[in-house]
Novice: 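The structure follows.
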Amino acid sequence: MCGIVGAVSERDVQGILLEGLRRLEYRGYDSAGMAVIGGDHSVQRAREVGKVAALGDAMKANPLAGHLGIAHTRWATHGEPSQINAHPHMSGERLAIVHNGIIENYQELREELRADGFEFTSQTDTEVVAHLIEKNYRALCNLHDSVRAAIARLRGAYALAVVHADEPNHMVVCREGSPLVIGVGIGENFIASDQLALLPVTDRFMFLEEGDIADIKKDGITILDREGQSVEREVTRFEHGADSADKGEYRHFMLKEIYEQPKVIKATMEGRVTKTRVLEQALGTEAANLLENVRHVQIIACGTSYHAGMVARYWIEELAGVACSVEVASEFRYRKHVIQQDTLFLCISQSGETADTLAALRQAKKAGFRAALAICNVPGSSLVRESDLVIMTQAGPEIGVASTKAFTTQLTALLIFTLALARHNGLPEEQEAEIIEALHLVPGQVSDVLALDGEIAEMSKAFMDKNHSLFLGRGSQFPVALEGALKLKEISYIHAEAYPAGELKHGPLALVDSEMPVVTVAPNNDLVEKLKSNLEEVRARGGELFVFADRKADVKAEDGIHVMQIPSVHPITAPIVYTVPLQLLSYHVAVLKGTDVDQPRNLAKSVTVE
Ligand code: G6P
């Protein structure tokens, strides 16, 4: 997590860096800071606790002028959010550094540097790196070489940007395990954790490879790889509209992103399906080869993406008849596995930079899986670059920390993938056609659900003063319930738990009373009758039920049962559509509670640390 931005230009860089930080705030927002090398070749630094706006306010009174600068927005890992722990960190008066990632061996390096006479002012692992580079600089008098020598001693993950007042015309940047992109300008160049930060100044980007170290000057970029060989990295153009980091008419990014879903679901289908069939070639020239003979799928993901994987398991086993396991990446990476023959490894990630997911992928590549497929939303991300086959979701940049459109586009991509796999496993053409036809209806059905926004806002009032809630679903709607509960806890801070409805009687029923609202998703599938019995179990204990139900499911509004009718949907595509009212519900509860919807406390969008 944490966001890094840097610039070297003819013009003053403060404005560019502040705007970059504002756009990176989704990565962390407990403090922010900037260091600029001024005309007098000294380092000027500003750091503030809290959001980027606080830094902006402080800098209005005391602007930093200069043509070379680095900046950072922090998500605390080592040491509390405080001005002293905020980046940039300095060693002496002349070297400043910003860092994203975690240095695992920082304690031992700290002791060593202390013994060398370096004084530490913060609790961060980053300050160790600053002193280590400065120590090398005293011997080598060259920033690039000093950075290279320093990183040879680091264990962990990092993206670094370093400036030194003795070399006022360039910055040195490097990456290992954390994202870093170079923005290519005309007579000016930039770096950032995410291309989004730099869209106001460029749309041309170079992605560093692991182990690369780059020197960034205003009129040139040189990159050396891990071995110190000079390398070229391809320049790519940013594909999405430059306004994606703007809220437009919406009060929050999250609401904007919820409303974008009909469009982005459609975009994720485009070019990949006809009216009745999946175009397997559109999944990549290697797709047919890789999918043939897949006997097992192992899905790995974190957070919301994990819930998408859980939905996909129902689809893959039902439609393709292929065994499927799903596990969160942070668990997968630390246990022994029995890998069945011909297992496809499938990572799902919005950002493509989640540290646990990447670590799992890297292990899997050594472990003998058939191939690695990624479902991802960020072109050029580490996950995309390291996978054998990639299906890009077309959600566009997602800024709200709570994931919405990324999830529904992941589901769309996963269903298309499932159908391609199912075709290799004997799914009849008519059934493929039936599901693709149903998928074509989803954007419209999501729009119909969005039209219920006002009613859902009204419903949300019942949650405002509650401390706990329960979400129920059965079958492929159980992960939808999990996702609904995750959304509510993330942004409204109400404790929300999700259960498969059939499991209610084995524990959570003990919690049910009038203070515990119970939310249920009830499409008209073959489990609806069983679900209705579960609802009666809740009602009999005085629980208040909020049911999102298919008109045909015939769930009646009665005392203690609030029913919101959802358009009739095919049971296979129902998880995509039924997610949307739960997103809206959480959103409105959070708005009523006055929480920070787009940047909820303690969370960050892209978790690039372990
Ligand atoms: C963080 C975000 C979640 C996201 C998860 C996985 O926790 O707050 O919204 O689902 O990371 O991220 P990924 O980018 O891998 O999908």
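Numbering starts at 1 and runs along the sequence shown. Counting starts at 1 for both ligands and their atoms, in listed order. None of the values given here were measured: they were computed from a predicted structure.
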Novice: Given the side-chain rings of F546 and F463, with only the six-membered ring counted for Trp, is the space between their centroids under 6.0 Å?
Specialist: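 Between F463 and F546, which both carry aromatic rings, the centre distance is below 6.0 Å.
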Novice: Output the list of atoms in ligand 1 that are nearer than 4.0 Å to some heavy atom of S349, sorted by atom number.
Specialist: 13 (P), 14 (O), 15 (O), 16 (O)
Novice: Out of all atoms in ligand 1, which are within 4.0 Å of some heavy atom of S305? Include the element for each.
Specialist: 10 (O), 13 (P), 16 (O)
Novice: Do the side chain of N377 and the main chain of A406 share a donor and acceptor less than 3.5 angstrom apart?
Specialist: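 Answer holds: no.
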Novice: Any idea which atoms of ligand 1 are less than 4.0 Å away from a heavy-atom of T304?
Specialist: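 Answer, ordered by atom number: 10 (O).
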Novice: Under 4.0 Å from a heavy atom of S403: which atoms of ligand 1 are those, numbered in the order shown and with their elements?
Specialist: 9 (O)
Novice: Is S351 in polar range of ligand 1, meaning some N or O pair under 3.5 Å apart?
Specialist: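 In this structure, S351 places an N or O atom under 3.5 Å from an N or O of ligand 1.
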Novice: So, K489 side chain and A496 main chain: donor-acceptor pair closer than 3.5 Å or not?
Specialist: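 Side chain of K489 to backbone of A496, a donor-acceptor pair under 3.5 Å: yes, one is there.
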Novice: Taking the cut-offs as 6.0 angstrom to the six-membered ring centre and 45 degrees off its axis, would you call R601 and Y493 a cation-pi pair?
Specialist: yes
Novice: Check this for me - ligand 1, V401, N or O atoms closer than 3.5 angstrom, yes or no?
Specialist: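 Yes - when backbone and side-chain N and O of V401 are compared with those of ligand 1, one distance drops under 3.5 Å.
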Novice: Between T126 and I97, is a side-chain contact (heavy atoms from CB on, under 4.5 Å) present by the stated rule, with each step listed?
Specialist: CA-CA 8 Å; T126 306; I97 180 171; 4.2 Å; yes
Novice: Evaluate Q410 for polar contact with ligand 1, using N/O atom pairs at a separation under 3.5 Å.
Specialist: no
Novice: For the rings on Y578 and F548, is their centre-to-centre separation under 6.0 Å?
Specialist: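 For Y578 and F548, the ring centres are not under 6.0 Å apart.
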